[in-house]
Amino acid sequence: MKKNYKLFVPCEEAQHVCDKSQYNEATLLEKIKLSIHLVFCKVCQKYTSNNRKLTKAMKNSDVKTSCAMEVNEKSNLQSMFEKELAKQQSGN
């Protein structure tokens, strides 16, 4: 079976490879194709630039999250949600 090594890729594929490369999941061939695409495509250049900025902002952020919510916190949140939902539905 012959492999397709087409070097010019559509924008959708280039953006997907850009996303993969942000997480070190893109292959060398995909990175080469992306680089070639970025030489010609200003839209994907902007997408890549924004992607890098977002990744950098997330790495530098001071946001703290917990992996699991306590049972009572989850129950309280569910109750608050149901009360708000009932208010919204009764207002219709």
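Residue indices begin at 1 and follow the sequence shown.
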Sequence neighbours excluded, which residues qualify as salt bridge (Lys or Arg N to Asp or Glu O under 4.0 Å) partners of E12?
none
Determine yes or no for a side-chain-to-main-chain donor-acceptor pair under 3.5 angstrom, with S49 supplying the side chain and Q45 the backbone.
no
Working to the nearest 0.5 angstrom, can you tell me the gap between L54 CG and Q22 CD?
8.0 Å
Quick note, salt bridge (charged side-chain N to carboxylate O under 4.0 Å, His left out) partners involving residues 36-60, not counting sequence neighbours, are none
Is there any salt bridge (charged side-chain N to carboxylate O under 4.0 Å, His left out) pair reaching into residues 15-24, and which pairs are they, with sequence neighbours excluded?
K20-E30
Is it the case that one hydrophobic cluster holds both V43 and I36, taking links as side-chain heavy atoms less than 4.5 Å apart, direct or via other members?
no
Taking the side chain as every heavy atom from C-beta outward, state whether C18 and C44 have any pair of such atoms under 4.5 Å apart.
no
Tell me if a side-chain donor or acceptor on H37 pairs with a main-chain N or O of V9 at a distance below 3.5 Å.
yes
Transitively linked via ILVMFWY side-chain contacts under 4.5 Å: L28 with V39?
yes
Does I32 belong to the same Ile/Leu/Val/Met/Phe/Trp/Tyr cluster as F40, with side-chain heavy atoms less than 4.5 Å apart forming each link?
yes
Hey, what else clusters with V17 if you join Ile, Leu, Val, Met, Phe, Trp, Tyr whenever side-chain heavy atoms sit under 4.5 Å?
L34, L38
Apart from L85 itself, members of its ILVMFWY cluster (side-chain separation under 4.5 Å) are F81
If you look only at pairs with a residue in residues 74-83, which of them pass as a side-chain hydrogen bond (donor to acceptor under 3.5 Å, both in side chains), with sequence neighbours excluded?
Q78-E82
